[in-house]
Amino acid sequence: MNGMDILGYLAGILTACTLVPQIIDYLKTGDVPVKWGMLFFFFSGMTAWLAYGILANSLPMMISNGFAVAAAAVQIGIKLSRERGAKKKE
């Protein structure tokens, strides 16, 4: 592993980890303030970066963007679950 790979892993991990505090907050409070548009563009962008990493055969890009896609999918799942639950209560 060279310095460029390490930088790639670090950048990807830091970017992907920006989602983790929000997921924890969702689970604790049940509040889902993220808009669907943000989730759509973030998920789409991370999926595109993951595909790019696969095509470029870049392990740092594949791992970090794979994690980001998974975290975004969790956010989408939580938002769907909370919104469905709110509609059932009405």
Side-chain angles (χ1 to χ4, degrees):
M1 183 178 329
N2 61 36
M4 191 168 166
D5 285 343
I6 292 170
L7 180 60
Y9 282 116
L10 179 62
I13 289 167
L14 290 173
T15 300
C17 285
T18 61
L19 304 173
V20 173
Q22 190 152 10
I23 290 170
I24 292 168
D25 192 43
Y26 290 165
L27 296 173
K28 286 182 179 178
T29 67
D31 187 25
V32 187
V34 176
K35 303 291 184 201
W36 279 113
M38 180 271 181
L39 287 175
F40 170 77
F41 285 111
F42 185 81
F43 183 81
S44 299
M46 291 295 101
T47 301
W49 276 115
L50 175 59
Y52 179 86
I54 292 168
L55 293 172
N57 199 29
S58 171
L59 192 58
M61 289 187 78
M62 289 186 273
I63 291 172
S64 59
N65 289 304
F67 178 78
V69 167
V74 168
Q75 284 186 317
I76 290 167
I78 291 170
K79 187 164 178 69
L80 282 171
S81 174
R82 302 284 189 210
E83 287 184 1
R84 287 182 184 154
K87 286 182 181 179
K88 286 181 181 179
K89 290 180 182 178
E90 291 176 357

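The figures that follow rest on heavy atoms only: side chains count, while hydrogens, waters and symmetry mates do not.
For F40, the side-chain contact (heavy atoms from CB on, under 4.5 Å) test picks out S44, with sequence neighbours left out. Remark: I24 engages V20, K28 in a side-chain contact (heavy atoms from CB on, under 4.5 Å) (not counting sequence neighbours). Qualifying side-chain contact (heavy atoms from CB on, under 4.5 Å) partners for I54, counting only residues two or more places apart in sequence or in other chains: L50, M62. Taking F41 as the reference, nothing meets the ring-ring contact (aromatic ring centres under 6.0 Å, His included) condition, with sequence neighbours excluded.
A donor-acceptor contact shorter than 3.5 Å links the side chain of S64 to the backbone of P60.
A 4.5 Å side-chain heavy-atom check between Q75 and F43 finds every atom pair outside the cut-off.
Contact between A68 and F42 at its shortest, heavy atoms only, is O-CE2, 4.1 Å. Summarising the geometry of K79 relative to K35, their closest heavy-atom pair is CE-C, 4.3 Å, with the distance given to 0.1 Å.
In N2, the CG atom is crowded: over 12 heavy atoms of neighbouring residues, nucleotides or ligands sit closer than 6.0 Å.
Counting only residues at least two apart or in different chains, ring pair (Phe, Tyr, Trp, His ring centres under 6.0 Å) contacts with residues 55-83 are absent.
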